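Written below as structure tokens is the structure these notes are about.
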Protein chains: 2
Amino acid sequence: MSVDLRIIKTKERLHESLIALLKEMPLEKIKISVLCQRAQINRGTFYLHYASVDALFADFFEQIIADLREAYLEPLRTKSPLKIKELDPKTVRIFHHIKKYESFYRIVFSKNVPLAYYYMLLEQITVNLQQNTNVSSYDERVQGYLVAYQANAIIGLALQWAERDFQETAEELSEILVQILRTKSE
Amino acid sequence: MSVDLRIIKTKERLHESLIALLKEMPLEKIKISVLCQRAQINRGTFYLHYASVDALFADFFEQIIADLREAYLEPLRTKSPLKIKELDPKTVRIFHHIKKYESFYRIVFSKNVPLAYYYMLLEQITVNLQQNTNVSSYDERVQGYLVAYQANAIIGLALQWAERDFQETAEELSEILVQILRTKSE
DNA sequence: ATTTTTATTAAACAGATGTTCAATAAGTGA
DNA sequence: TCACTTATTGAACATCTGTTTAATAAAAAT
């Protein structure tokens, strides 16, 4: 009852083909026709699995997001429930994660790419933050806004990092986050 | 030496056509061919002015951003240089601005739209924040990250607002921002 | 008012898209 | 191994894209 081997092979070839093409040109220039040609896959077959090149890329990014999810759980296992000053920068693995997949995030953060990837990342960071947040004095609505505020702020640092061509190390970014959070005079 | 009348008329017709079509279908479904048909403009002429439907929409959004720029300057004229606890929520006109152009921001924040619009908005908010920030103790680099953090956080509230279908009023959003900033225990 | 400049047009083009079809090949299950 | 199920294929289709061409129309300049 598992997935048909043919489907697995087809997707594998499309994945490889995308990775190869991404080394030659930006995502938005990759045509389905060329992608299929390289993968030795019929163009009609492509549409049986994906609606667009973007959907194929999203498939990749989904795996990367999964890695972020696991990476986040790691310090939780060691440090236990976390006595928080809520968001503890040491537990924020996000910057290491982004550095690890830098070449992907260059794409995810690029101008001509759909906002969908941003939302995928935002969603995962949001979930991570929520797990880290104890039930607070706020009502649920404000709680939602608070998390949205924090999650987006963190991505903001990542965007600025990308803007600066990822000059800093992941540790430096974490350090900067600490500095910002220490400055309570926002 | 001003702009040729024909160009103005062509762009006007394309603008009107886009607005009309946006009431019928999402931005990503609008074909250049249909757009030109409606506008009574030759398809070739379209390409003389814009590279894509997205570029045409960006033209609109540019005007909206300009409105945000001016709206922001308004309280500065009355209140003068601002003795800040840095970011003073009362001066943040952003939520009123977004509510005013709600139908546009529904598009700007939608999944299938390029990230470029997000960056346009982020850029303007960043500039606004920078004008409001006195030279601080931070070095320039951290300063840049701080502003990126804050600007994105504000957009984060707007994204959550959109997610909630703009239920709250602009005043409520400003109030929520105040609440969040008061909570120094981020 | 006439010349000069330049924007728009129609037509045509190769290429890409998205969809459908019957034929075929490959994998699954007994 | 053999029958069955289903993924892939190639071909064809209308449509959209992006670009180029010479002819024409409209605005600007004198």
Side-chain angles (χ1 to χ4, degrees), chain A residues 1-60 62 107 110-117, chain B residues 1-60 62 107 110-117:
Chain A
M1 273 297 294
S2 67
V3 186
D4 196 306
L5 270 186
R6 288 168 292 185
I7 295 181
I8 295 176
K9 280 166 66 180
T10 295
K11 288 193 173 181
E12 268 178 4
R13 272 190 284 178
L14 286 173
H15 277 215
E16 284 167 20
S17 178
L18 178 61
I19 293 294
L21 284 171
L22 278 174
K23 285 173 183 159
E24 298 175 23
M25 60 188 79
L27 182 61
E28 65 268 20
K29 292 245 167 127
I30 297 179
K31 305 295 174 193
I32 293 176
S33 46
V34 193
L35 186 74
C36 293
Q37 217 171 329
R38 288 255 191 149
Q40 296 275 58
I41 295 295
N42 189 277
R43 202 162 53 81
T45 307
F46 177 92
Y47 286 106
L48 291 174
H49 301 293
Y50 303 102
S52 60
V53 177
D54 281 329
L56 174 58
F57 183 84
D59 222 42
F60 269 98
E62 189 54 61
I107 297 168
S110 68
K111 286 189 175 183
N112 297 309
V113 123
L115 202 48
Y117 310 142
Chain B
M1 273 299 294
S2 67
V3 186
D4 195 305
L5 270 185
R6 288 167 293 184
I7 296 180
I8 295 175
K9 281 166 66 180
T10 295
K11 288 192 172 181
E12 269 177 3
R13 273 190 283 178
L14 286 174
H15 277 213
E16 284 166 21
S17 178
L18 177 61
I19 293 293
L21 284 171
L22 278 174
K23 286 172 183 159
E24 298 174 24
M25 60 188 79
L27 182 61
E28 65 268 21
K29 292 242 167 130
I30 297 178
K31 305 291 173 195
I32 292 176
S33 46
V34 192
L35 185 75
C36 293
Q37 217 171 330
R38 289 254 192 151
Q40 297 275 62
I41 295 295
N42 187 277
R43 201 162 53 82
T45 307
F46 177 92
Y47 287 106
L48 291 174
H49 301 293
Y50 304 101
S52 62
V53 178
D54 282 329
L56 173 58
F57 184 85
D59 222 41
F60 269 99
E62 188 55 61
I107 298 168
S110 68
K111 285 189 176 186
N112 298 310
V113 122
L115 201 50
Y117 310 143

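Just so you know, these numbers use all the heavy atoms, side chains as well, and skip hydrogens, waters and symmetry mates. Predicted model only: the values in this text are computed from it and were never measured. Here is how names work: the chains are called A, B, and so on, in the same order as the sequence lines, proteins then strands, and each is numbered from 1.
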Margin query: According to ring-ring contact (aromatic ring centres under 6.0 Å, His included), who are the partners of A:Phe57, at least two apart in sequence or on a separate chain?
Written below: A:Phe104, A:Tyr117
Next item on the list: Taking ring-ring contact (aromatic ring centres under 6.0 Å, His included) as the test, write out the residues that go with A:His49, two or more places apart.
Entry: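 ring-ring contact (aromatic ring centres under 6.0 Å, His included) check on A:His49 returns nothing, list empty.
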Quick one: which of [options] gets closest to the side chain of [X]?
X: A:Ile41; options: C:dT28, C:dT9, D:dT9; value: D:dT9
X: A:Tyr47; options: D:dT19, D:dA28, C:dT19; value: C:dT19
X: A:Ile7; options: D:dA7, D:dA28, D:dT19; value: D:dA7

For [X] and [N], is the shortest distance between a side-chain N/O and OP1 or OP2 below 4.0 Å?
X: B:Ser33; N: D:dT15; result: no
X: A:His49; N: D:dA7; result: no
X: B:Thr10; N: C:dA7; result: no
X: A:Thr45; N: D:dA7; result: no

Notebook entry, point to check: Contact class for B:Ile32 (heavy atom, under 4.0 Å): base, sugar-phosphate, or nothing?
Noted result: sugar-phosphate
Check: Any donor-acceptor pair under 3.5 Å between the side chain of B:Arg6 and the base of D:dA27?
Finding: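 There is none.
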Note to self: Under 3.5 Å, is there any donor-acceptor pair linking the side chain of A:Asn42 to the base of D:dG10?
What the structure shows: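 Result: at least one qualifying N/O pair found.
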Checklist line | Intermediate values then yes/no, side-chain contact (heavy atoms from CB on, under 4.5 Å), B:Leu35 and B:Arg43 | finding: CA-CA 9 Å; B:Leu35 185 75; B:Arg43 201 162 53 82; over 6 Å; no
What's the [atom1]-[atom2] distance between [X] and [N], to the nearest Å?
X: B:Gln37; N: C:dA10; atom1: CD; atom2: C1'; answer: 15 Å
X: A:Tyr50; N: D:dT8; atom1: OH; atom2: C1'; answer: 15 Å
X: A:Lys29; N: C:dG15; atom1: NZ; atom2: P; answer: 17 Å
X: B:Arg43; N: D:dC16; atom1: CZ; atom2: C1'; answer: 7 Å
X: A:Lys9; N: D:dT6; atom1: NZ; atom2: P; answer: 19 Å

Check: Is the shortest heavy-atom distance from the side chain of A:Leu48 to the side chain of A:Thr10 under 4.5 Å?
Finding: no
Checklist line | Taking every non-hydrogen atom, the tightest pair across A:Ile41 and A:Phe46 | finding: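 Scanning both residues, the minimum pair turns out to be CG2-N, 4.3 Å.
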Note to self: Over the length of the helix from C:dA14-D:dT17 to C:dA30-D:dT1, how much do the five-pair end axes diverge, rounded to 10 degrees?
What the structure shows: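 Both end axes considered, the difference amounts to 30°.
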Note to self: Checking A:Leu18 against A:Leu27 for the side-chain contact (heavy atoms from CB on, under 4.5 Å) test, could you report, in this order, the C-alpha distance in whole Å, the side-chain angles of both residues, the deciding distance, and whether it holds?
What the structure shows: CA-CA 9 Å; A:Leu18 178 61; A:Leu27 182 61; 4.2 Å; yes
Notebook entry, point to check: Given that B:Lys31 and B:Ile8 both sit by DNA chain C, which one's nearest nucleotide is further toward the 5' end?
Noted result: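 Of the two residues, B:Ile8 wins.
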Next item on the list: Could you pick out which residue, B:Gly44 or A:Gly44, lies toward the 5' side of DNA chain D when each is mapped onto its nearest nucleotide?
Entry: A:Gly44
Next item on the list: Using modelled atom types only, decide if a donor and an acceptor are shared between the side chain of A:Ser17 and the backbone of A:Leu14 within a distance under 3.5 Å.
Entry: no
